[in-house]
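Notes to accompany the following structure.
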Amino acid sequence: MSTTNNTILTPLKTLSVKFLALVVVLGIAALVMLEAIVHQLQHGLAVTDLASWGTQEGVTWGIYIGTFEWFAGMAVGALAAVGYIRYNELTRYDIIARIGELWALIAGLSAAYLIVIDLGRPDRVLNILTAWFVTVQYSPLAWDVTFVTALLVMTSTMLILSLRRDFSEMNLNKLPVYTALIGELLTLGFRPEEREKLDSMLRWLGLALLILAFTGGMVPGWLLGVVGAQAGWYGGIAGIAFLSAGLLSGVAVLAITAGVLRYLYGMEEALPEEVFVGLGKALTLFGFVYLVVQFNNLLPSIFPMAPLAESQVGEAMLYGHFATDFWLAMAAVAIPMLILVLFRERMLAGGVGLAVVSVVMLWGVWVKSQLTVIEPLMYSSGLPYEVGTYVPTLVEWVITIGAILVAILLFSIATKLVPMGRLLDDTASTEEVRN
Amino acid sequence: MTTTIGIPILLGLLLLPIYTVIAGFLFGKPRDFRTAGIGLGVMAVMAVFMIGSTAMMGIAFGLITPF
């Protein structure tokens, strides 16, 4: 416990003009998004370019669901990282675990929010709840609702219990008053002899999060994979494809956040280079796995023995209408991965380089998530329909980009409310205070 | 067949992490049922909060949407 990481509290104790400006800009974006939501509520999903498959030559799911898949994957990847760190008690990565807890929660909420938006009539969420006992017996959508709920419950439990432990080791009087109030609330009834048990419980929760990530974490992929009538979706690899994208985007968002925090707050002690080397290795591995899975996913559709509808979907992706988007997305993962392989130690020195390549990878996964959901819907399987079209409307763009900006806003605010990790050097003195 | 696959997936796969947490909190060492109870209580409260807030949101949207 002699490691110094006092800088972990720096985000809590500083409030710069730049930060306030960021909050204002993101707040305005949130208001614009709210206006778009009201507009959609007033006029229904007619304000989107979503339409029936087939005779209307449209797609039924668009960038709301594509971005849902991206956020849900990000939540899965972030909670897998949290689970791994907490289960193995990797003290050096403690701050990454806190960042991951916050991101898993925020990304999970954003995913759930986009599903509600896509309902058109959000009051129908009550139907999902009341019909759950029946639909869970056969519907992957009901399994997905169950998974996202479990993800939110377990992630928030991990956040609360780890904060209970971290706050118990801090002198709350030295913290801003609002943080101290949260600390008082979360350490209600805390006894010093509780700490050893809390450590053990965080390990068990970490194991449970890992299990959740690698079992339930495949469910959003099954939403597509079980649809036998839809070429481009159906297949046994959909769950794994979703999981591989999630692990990559989850770790990428942690790397971006860690890089930005280190750069903005000079957190060299709390976020040493070895942490970025570890994150870089994880990104390299997950980037490689992602590309291998994508290759496996696409190969059967472009092989000469593929059914007609399958080959139409595959060819449009590789050589046709969507080739530019597809290859850009693949390059956005492959090139950063190669850069990480070749220049890892040098570029990771400050964390900024890793943050930049992570942004590119995250964008690549986002684009491919859209293609995975939307593109197959344009090709009718075995029916004499024209190829469908889909161009997201302004409302769809505002709500989708707004969801991403609101997620960033929520995380930014969270950095000012809760400590980013465990204070390691102050333990002895604060134990006296708490006792 | 489709109506039988959901229950094994729910009980055998989706709830596996919950079983892990309950067993780990209660029987993991050191044994401390008070702290374990606090942890399980937090999880139960968060479950009620997540499902309850979703239901409340549905009801609220039902009231403000005029159709």
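Just the heavy atoms: all of them, side chains too, but no hydrogens, waters or symmetry mates, feed the values below. In what follows, chains are A, B, ... by sequence order, proteins preceding strands, each numbered from 1.
- With a 4.5 angstrom heavy-atom cutoff, B:Ala60 does not touch chain A via any of its atoms.
- Interface residues of residues 156-165 of chain A toward chain B, defined by a heavy-atom distance below 4.5 Å and sorted by number: A:Ser156, A:Thr157, A:Ile160, A:Leu161, A:Arg164.
- For A:Glu194 against A:Gly189, the heavy-atom pair with the smallest separation is OE1-O, 3.8 Å.
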**Message:** What verdict does the side chain to side chain contact (heavy atoms under 4.5 Å, CB included) test give for A:Met218 and A:Phe242, after you've listed the backbone C-alpha separation in whole Å, the side-chain angles of each residue and the deciding distance to 0.1 Å?
**Reply:** CA-CA 6 Å; A:Met218 289 183 288; A:Phe242 174 81; 5.9 Å; no
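- With a 4.5 angstrom heavy-atom cutoff, A:Val116 touches chain B only via side-chain atoms.
- In this structure, CG on A:Leu198 lies 7.0 Å from OG on A:Ser168, to the nearest 0.5 angstrom.
- Rounding to the nearest 0.5 Å places CZ of A:Phe147 at 9.0 Å from CG of A:Leu152.
- Of the two parts of B:Met50, only the side chain, counted from C-beta on, holds a non-hydrogen atom closer than 4.5 Å to a non-hydrogen atom of chain A.
- Interface remark: A:Val145 contributes no atoms to any contact with chain B (heavy atom separation under 4.5 Å).
- Among A:Thr149, A:Asp199, A:Val136, the residue making the largest number of heavy-atom pairs under 4.5 Å with chain B is A:Val136.
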Return all side-chain donor-acceptor pairs below 3.5 angstrom for residues 10-20 of chain B, not counting sequence neighbours, or 'none' if the list is empty.
from, atom 1, to, atom 2, distance (Å)
B:Tyr19, OH, B:Leu11, O, 2.7
B:Thr20, OG1, B:Leu16, O, 2.9

**Message:** Does B:Phe25 form a side chain to side chain contact (heavy atoms under 4.5 Å, CB included) with B:Thr35? I'd like the steps, not just the answer.
**Reply:** CA-CA 8 Å; B:Phe25 279 16; B:Thr35 311; over 6 Å; no
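- A:Asp118 places no side-chain N or O within 3.5 Å of a backbone atom of A:Leu114 that could act as its donor or acceptor partner.
- When heavy atoms are compared at a cutoff of 4.5 Å, A:Met201 approaches chain B by way of both its backbone and its side chain.
- Between chain B and the options A:Glu196, A:Arg191, A:Glu193, heavy-atom pairs under 4.5 Å are most frequent for A:Arg191.
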